[in-house]
Amino acid sequence: MKTVQEKEQATIEVNGQKHITGAEALLECLIEEGVDTIFGYPGGAIMPVYDKLMDYEDRLKHILTRHEQGAAHAAQAYAMVTGRPGICFATSGPGATNLVTGIANAFLDSVPVVFITAQVVSSLIGTDAFQETDIIGVSMPITKWNCQVKKSHEIPDTIAKAFYIAKSGRPGPVLIDITKDAQLEKLNFKYKKCDYIRSYNPHIPLHTKAIESAAIMINHAERPLILAGHGVLISGAEDELKAFAEKTGIPVASTLLGLSGFPSSHRLFTGMLGMHGNYGPNLLTNEADLIIAIGMRFDDRVTGNLKKYAKKATIIHIEIDEAEINKNVVVDVEINNDAKEALKYLIPLVKENSFEKWIREFRICDKTEYEKVIKPETIPEKGEIKMGEVVSRISEITKGEAIIVTDVGQNQMVAARYYKFNHPNSLVTSGGMGTMGFGLPAGLGAKIGRPDKQVITFVGDGGIQMTIQELGTIFQYNVPVKIIILNNNFLGMVRQWQDMFFDKRYASTELVNPDFVMISKAYSIPAKKVSKREDLNSSLQEMLASEGPYLLDIAIEKEGNVFPMVEPGASVSEIRLTY
């Protein structure tokens with residue numbers, strides 16, 4: 001077995017360039033791109049990379065998750081809270097296919113993640129060799145770009161290209177599949193970052209005429225509404241959005257993934273759009289005479305019935321991806337640009353204004369929603385603990401300073417509704433894909449990315465069991481993430497739909513759960529069960545005060561529903577406050 005010294009001696013220079021293996025070249029490329037953390041899981045085909053990784057322990061931290069899907073979600077969360085691409089390793093065959101859900105999740109939510117998979121030796125490709133899968137073909141529809149590398153000398157340029165594509169324009173996941181022989185083969189290493197690819201033009205010159213037309217419309221509007229999406233956060237346009245809203249006096253509503261792009265406490269913030277969003281922005285979308293959509297794609301959960309959507313409004317759409325413009329909603333002014341650049345140009349062109357009468361209509365809706373929905377959910381007089389009650393307590397205790405991570409389902413909707421976000425990129429959730437099992441690995445990825453922040457993960461008792469093995473990762477690396485299970489012994493969101501639309505026929509949604517506290521303690525993670533309201537506050541305080549990871553299993557109202565709700569096929573103006 002070679003010593004470290006012998007390995008170093010084996011790395012010689014040829015013509016001023018390192019003569020190294022493809023595996024080592026891959027790691028050198030990552031360091032050149034500023035990578036410090038990798039999430040992954042080893043296997044046969046990627047073993048050369050993992051062998052070399054041991055020589056880079058002082059520069060590259062590897063987090064061994066318990067499943068490749070967990071690695072993918074952790075890498076995405078890391079990217080969302082740091083603004084840097086997440087990195088994920090997996091081996092060939094089942095290792096690569098176990099990434100698919102995570103890749104699709106990052107793709108739909110426009111998150112830059114560089115996935116590195118290994119492949120069988122190139123001479124065996126196409127022979128159905130052991131653990132061979134065509135991951136390039138499998139991942140093509142769910143990656144921004146993918147590529148297979150069969151020669152070691154191709155690795156530096158391919159990795160450089162991958163990072164450039166993942167980060168530029170509308171971000172997204174890329175996948176590089178490297179054969180085992182390319183990992184072992186030597187090359188003369190030289191790295192140059194990529195900043196240009198012929199026929200790929202992610203930076204679009206400003207459409208100044210369109211922006212000027214938009215400014216005229218904004219200056220003459222009487223009931224305008226800003227719809228802020230994830231693109232605001234991706235482009236780093238939070239300050240520009242705030243400046244634009246404050247100068248024009250236009251109220252702001254946010255999509256789910258757009259939350260935290262505009263302060264929840266701001267006087268112009270009207271709440272969240274969508275199926276379980278706030279009453280005012282949903283109801284009054286159909287009363288607006290002008291909609292300024294920024295970095296959002298008019299998802300079906302936001303628009304409801306398209307035939308009844310925003311029929312009184314002229315629509316301005318600021319969106320970096322041309323394919324999203326006029327895809328779902330036909331707009332009047334197309335601004336195919338980065339949100340930050342477009343807003344910077346737009347702000348000097350708009351007049352100072354206020355729309356107090358228009359905003360008062362939102363406040364009337366807020367009061368109605370508070371009395372009928374929010375107050376009974378967050379300040380209940382009796383009965384079982386409610387979901388919104390837990391989230392609102394966390395929001396109060398942390399003063400909106402934490403990073404909130406969610407799984408998918410009712411826990412996701414109540415976290416989005418009742419936490420008050422003060423800082424950008426403080427919500428990590430699965431939007432377009434709606435992936436159950438996202439929460440737990442995303443929580444550990446977010447905490448590793450932002451160790452300076454309190455990270456709190458809300459999960460349901462169904463979702464956590466899809467990736468519960470990642471408690472092992474949290475234990476191994478002592479990741480101090482706080483985990484709250486909103487436990488109702490149901491697949492809560494599916495049960496809500498069965499309650500409302502299927503005559504309460506609870507087909508395969510009631511869960512017989514294990515003792516989560518015992519499972520957590522088996523991983524040496526402190527845990528506590530909370531079933532009484534009088535114990536809630538003290539338990540939350542104890543969890544937040546703990547230095548390491550902590551799990552709270554909170555028994556909530558068994559058949560609680562999340563309202564308001566825009567029913568499938570309904571108009572956003574037909575939003576229901578109660579059942």
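Since this is a predicted model, take the numbers as computed values, not measurements.
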Judged by atom type as modelled, is there a donor-acceptor pair below 3.5 Å linking the side chain of [X] to the main-chain atoms of [Y]?
| X | Y | value |
| --- | --- | --- |
| Q183 | I178 | yes |
| K453 | E401 | yes |
| D461 | N489 | yes |
| N422 | K399 | yes |
| D407 | Q412 | no |
| S254 | M272 | no |
| D109 | V111 | no |
| S520 | I525 | yes |
| Y550 | E542 | no |
| E377 | G388 | yes |

Please say whether more than 12 non-hydrogen atoms of neighbouring residues, nucleotides or ligands are located less than 6.0 Å from [atom1] in [X].
| X | atom1 | answer |
| --- | --- | --- |
| E547 | CD | no |
| Y41 | OH | no |
| F130 | CZ | no |
| R301 | CZ | no |

Side chains of [X] and [Y]: do they bring a donor and an acceptor to under 3.5 Å?
| X | Y | answer |
| --- | --- | --- |
| T509 | Q498 | yes |
| R170 | S110 | yes |
| E470 | H67 | no |
| E24 | Y56 | yes |
| S546 | K482 | yes |
| N488 | E384 | no |

Yes or no on salt bridge (charged side-chain N to carboxylate O under 4.0 Å, His left out) for E510 and K558, after CA distance, side-chain angles and deciding distance?
-> CA-CA 10 Å; E510 189 164 10; K558 191 170 176 63; 3.4 Å; yes
Dump the intermediate steps for salt bridge (charged side-chain N to carboxylate O under 4.0 Å, His left out) on D321 and R297, then the final yes or no.
-> CA-CA 9 Å; D321 186 352; R297 57 190 179 89; over 6 Å; no
Assign the ring pair F89 / H62 to parallel, tilted or perpendicular, where the plane angle (0 to 90°) is split at 30° and 60°.
-> tilted
What is the ring orientation for H266 with F262, classed by angle as parallel under 30°, tilted 30 to 60°, or perpendicular over 60°?
->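 If you compare the ring of H266 with that of F262, the planes turn out tilted.
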Pairwise distance [atom1]([X]) to [atom2]([Y]) - rounded to 0.5 angstrom:
| X | Y | atom1 | atom2 | result |
| --- | --- | --- | --- | --- |
| R84 | Y78 | CZ | OH | 3.5 Å |
| H276 | N561 | NE2 | CG | 8.5 Å |
| L26 | I38 | CG | CD1 | 7.5 Å |
| D51 | I46 | CG | CD1 | 12.0 Å |
| L471 | Q476 | CG | CD | 13.0 Å |
| L486 | K386 | CG | NZ | 13.0 Å |

Side-chain heavy-atom pair [X], [Y] within 4.5 angstrom cut-off:
| X | Y | result |
| --- | --- | --- |
| I159 | E32 | no |
| E369 | N278 | yes |
| W497 | L491 | no |
| I474 | I483 | yes |
| I484 | L540 | yes |
| T406 | L427 | yes |
| M140 | I136 | yes |
| S139 | V100 | no |

Shortest non-hydrogen contact from [X] toward [Y]:
| X | Y | answer |
| --- | --- | --- |
| S260 | N425 | OG-N, 3.0 Å |
| A45 | Q119 | CB-O, 3.8 Å |
| A415 | F458 | CB-CD1, 4.1 Å |
| G460 | I485 | C-CG2, 4.1 Å |
| P173 | F115 | CB-CE1, 3.8 Å |
| S539 | D535 | OG-O, 2.7 Å |

After noting the C-alpha distance and the side-chain angles of F438 and M433, does the key distance pass the side-chain contact (heavy atoms from CB on, under 4.5 Å) rule?
-> CA-CA 10 Å; F438 177 80; M433 190 72 169; over 6 Å; no
side-chain contact (heavy atoms from CB on, under 4.5 Å) assessment of M565 paired with M500 | CA-CA 11 Å; M565 182 175 182; M500 297 178 68; 3.5 Å; yes
Could you please spell out the steps behind the side-chain contact (heavy atoms from CB on, under 4.5 Å) verdict for L544 and I394?
-> CA-CA 9 Å; L544 294 173; I394 285 288; 4.2 Å; yes
Step by step, would you call N513 with Q465 a side-chain contact (heavy atoms from CB on, under 4.5 Å)?
-> CA-CA 9 Å; N513 287 324; Q465 292 185 77; 2.8 Å; yes
For T91 and Q131, what are the C-alpha separation, side-chain angles and deciding distance, and is it a side chain to side chain donor-acceptor pair (under 3.5 Å)?
-> CA-CA 9 Å; T91 194; Q131 291 192 333; 5.1 Å; no
Determine, step by step, whether F490 and Y506 satisfy the ring-ring contact (aromatic ring centres under 6.0 Å, His included) criterion, reporting the C-alpha distance in whole Å, the side-chain angles of both residues, the deciding distance to 0.1 Å, and the verdict.
-> CA-CA 9 Å; F490 265 115; Y506 296 155; 5.3 Å; yes
Is there a salt bridge (charged side-chain N to carboxylate O under 4.0 Å, His left out) between E389 and R533 once you walk through the steps?
-> CA-CA 10 Å; E389 179 181 3; R533 178 167 287 112; 2.6 Å; yes
